[in-house]
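Quick note on labels: first sequence line is chain A, next is B, and so on, each numbered from 1.
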Amino acid sequence: MIARQSQLFIPTLREAPADAEAVSHKLLVRGGYIRQVAAGVWTFLPLGWRVHQKVVQIIREEMDAIGGQEMLMPVLTPLELWEQTKRDRIPELFHLQDRAGREYVLPMTHEETVTFHAKEISSYRQLPQLLYHFSIKERDEPRSRGGLLRTREFIMKDAYSFDRDDAGLAEVFEKSEGAYHRMFQRAGLEYSAVQAESGMMGGEESVDFLAPSGSGENTLVTCENGDYAADLEIARSIPRPATFPASHDAPKEVATPGVTTIEALAEQLGIDAAATSKAMPVVKTDGTLVLGLVRGDDRLSESKMLGVLASDYRPATGDEIRAAFGAGGGSLGPVGVDVEVVADEALREGHFVAGANRDGWHLLGVEAGRDYAPRFADIRESREGDRCPVCGGALRFQVAIEVGHIFKFGDRYSTPLGATFLDEDGTERPLIGGSYGVGPARVMAAAVEQHYDENGIVWPPSIAPYDVHVLSLDGGSAEVLARAEGLAGTLGREGLDVLLDDRDERPGEKFADADLVGCPVRLIVGKRTLDDDGVDARTRDGASDERIAGADVLKWVQQH
RNA sequence: CGGGGUGUAGCUCAGCCUGGUAGAGCGCUGCGUUUGGGACGCAGAGGCCGCGGGUUCGGAUCCCGCCACCCCGACCA
């Protein structure tokens, strides 16, 4: 296939739009791949759509390879379905009515709809099933950001599996995980599969696929030895050891006038911040006050705390704190309080300085178990300097994009929607399901975040908009142009996607645009190459750059 | 929803403080010269200065309100 650039709509920009921050956002806009229509709403221009389609095709092939069946479910969805699963109250859900007042939603995923169809499965003999589609998702995000990184409308490949039991589900889940590894590898991404939060809608098991990136909303924690990877929200790790001052037989009061921060406390007492404890009073949805306690140098992990409390919560207000503890926020501690204390595991051993629940005073030598009886849990957020929980190796923290997420949902949808089947023994059971999502646009953005240089995008060959970019530096010479056209034609007939820059532009401009667009292989035809009947061939990554004979071009392209 | 910021030509921005009939660079059109890393000359086109109200003889500029967009946070099946 050969495309003439002189006739295409590829509006490249010399400068990045002022509001762009992320590299992928800047380069995809500058390269003429995407344009913004409204906040979080984007058009894929012809070039961008080609890349998107290439990613889609890879995903499709890998899904089909594990027995997935492609279909298409509608965007417009009756509200009733979502009422039945109680997801109609999700704030991100778009609602609308038709002229007769019937209510609809614009779904953010299709569990309800696919389960609605799965009601037609009536026998174990029809199981398992793996259904998927590529469709538009709508989410009323309070805040979209970073170009394609987080949008309010996007295309997602979402697959749904239905099985008779957990064993069947485990099998598809594993197969899907394998397919996901293959698709991200094929797309040229660096990524990690990590155990993820199951989420409020999810079920038992959940795996996130995170691609390290210059911009993103997740933090990927990996061990240097490759034996541990997790999302920061749930990452476990070994904190550095604390250096303790002398111990005491019982907590000993010490005056700390005006000291309300850990830094000030550690400095005044001349001790390691890790030898102090930090108290974070929170209030659960039912109004119960709980005191979270972490080491002074640690941060409370909001997501871990959420799991431990099994309830939503908020920080206690100043008034609530004073009422419960009789002191201000900077002077709180676990000794002698009436509320439940949830202490981080790091506080299990050692004697720590803690607030005395009296303004201007702290306690020295506070020991868990002896001086207060906490419930221990892992509630600290991992941080730089921690060691791997598996092997003790150094941990690495990277900003990352979530490109895929798979999770088991069991009968979360089949039970409320009444999707049951008759099992072999004649009993009626709910279908057991799993959900497997991946965002092609995020794969695209992640690929750019990972592969670019100061001049533009350096596409992984598998998802580049065109395989080969032929530049005709004809400067009006019909002979050169004819040569370039012939070359493009030859490659096109071999099944390569060729972009021929036959525009009436100066060489510098063609080079700059070619760098920006980022096709993996570039072939330059000009007066210089006409002389020896050759072509200048180079790869976008700069690894190869050489004059080759015309007859060798096909071979060269296939090798690079 | 909280905090910060920006809306002036297709893009990047100046002008606003201190009111006086709209600017630059790039891009665009035509002609000519050029042609291996974003050329040069000449001649042009292009703006409800985000929207509404107010103050004023006069508002891009000052005041009030609204809207949009971006960044940080909250949120994120």
Side chain of [X] - closest among [options]:
{"X": "A:Glu21", "options": "B:rC71, B:rG36, B:rC26", "value": "B:rC71"}
{"X": "A:Arg30", "options": "B:rC69, B:rC75, B:rG38", "value": "B:rG38"}
{"X": "A:Arg528", "options": "B:rG38, B:rC70, B:rG36", "value": "B:rG36"}
{"X": "A:Arg150", "options": "B:rC69, B:rC76, B:rC71", "value": "B:rC76"}
{"X": "A:Arg506", "options": "B:rA74, B:rG36, B:rU34", "value": "B:rU34"}

Exercise answer: donor-acceptor pairs, residues 16-23 of chain A side-chain atoms, under 3.5 Å, sequence neighbours excluded:
none

So side-chain hydrogen bond (donor to acceptor under 3.5 Å, both in side chains) across residues 36-48 of chain A, not counting sequence neighbours, yields none

Taking for A:Pro142 and for A:Ala512 the nucleotide of RNA chain B with the nearest heavy atom, the one nearer the 5' end belongs to A:Ala512

Quick one: [X] [atom1] to [N] [atom2], roughly how many Å, whole number?
{"X": "A:Glu141", "N": "B:rG73", "atom1": "CD", "atom2": "C1'", "result": "15 Å"}
{"X": "A:Leu471", "N": "B:rG38", "atom1": "CG", "atom2": "P", "result": "14 Å"}
{"X": "A:Leu149", "N": "B:rC71", "atom1": "CG", "atom2": "C1'", "result": "14 Å"}
{"X": "A:His25", "N": "B:rC69", "atom1": "NE2", "atom2": "P", "result": "13 Å"}
{"X": "A:Ile10", "N": "B:rG38", "atom1": "CD1", "atom2": "C1'", "result": "17 Å"}
{"X": "A:Arg503", "N": "B:rG27", "atom1": "CZ", "atom2": "P", "result": "13 Å"}
{"X": "A:His405", "N": "B:rC76", "atom1": "NE2", "atom2": "C1'", "result": "12 Å"}

Pairwise [atom1] distance for [N] and [M], with rounding to whole Å:
{"N": "B:rG54", "M": "B:rA22", "atom1": "P", "value": "22 Å"}
{"N": "B:rU18", "M": "B:rC64", "atom1": "P", "value": "15 Å"}
{"N": "B:rC31", "M": "B:rU6", "atom1": "C1'", "value": "41 Å"}
{"N": "B:rA60", "M": "B:rG20", "atom1": "C1'", "value": "13 Å"}
{"N": "B:rG30", "M": "B:rC17", "atom1": "P", "value": "41 Å"}
{"N": "B:rU61", "M": "B:rC51", "atom1": "P", "value": "11 Å"}

_Side-chain N or O of A:Arg143 versus OP1/OP2 of B:rA74: is the shortest distance under 4.0 Å?_
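For B:rA74, neither OP1 nor OP2 has a side-chain N or O of A:Arg143 closer than 4.0 Å.
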
- Query: Is A:Gly146 touching bases, backbone alone, or none of the nucleic acid, heavy atoms closer than 4.0 Å?
  - Reply: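 The residue A:Gly146 makes sugar-phosphate contact but no base contact.
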
(Q) Taking any heavy-atom pair under 4.0 Å as a contact, classify A:Gln36: base, sugar-phosphate, or nothing. (A) sugar-phosphate

Could you check A:Arg522, A:Arg506, A:Arg503 and say which one makes a salt bridge (Lys or Arg N to Asp or Glu O under 4.0 Å) with A:Asp513?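 Only match with A:Asp513 under salt bridge (Lys or Arg N to Asp or Glu O under 4.0 Å): A:Arg503.
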
Contact string for nucleotides 4-15 of chain B, one letter per nucleotide 5' to 3', B = base within protein heavy-atom range under 4.0 Å, S = sugar-phosphate only, - = neither, reads --------SS--

(request) Check A:Thr109 against A:Trp82 and note the closest heavy-atom contact, atom names and distance. (result)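 Residues A:Thr109 and A:Trp82, closest heavy atoms: O-CZ2, 3.4 Å.
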
Under a 3.5 Å limit on both distances, the Watson-Crick or wobble mate of B:rU18 is none

Q. Would a distance-only check, ignoring hydrogens and angles, find a side-chain to backbone donor-acceptor pair under 3.5 Å from A:Lys510 to A:Asp501?
A.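 Yes: the side chain of A:Lys510 pairs with the backbone of A:Asp501.
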
Margin query: Could you go through A:Thr317 and A:Glu320, starting from their C-alpha distance and side-chain angles, then the distance that decides it, and tell me whether this counts as side chain to side chain donor-acceptor pair (under 3.5 Å)?
Written below: CA-CA 5 Å; A:Thr317 63; A:Glu320 288 167 336; 3.3 Å; yes

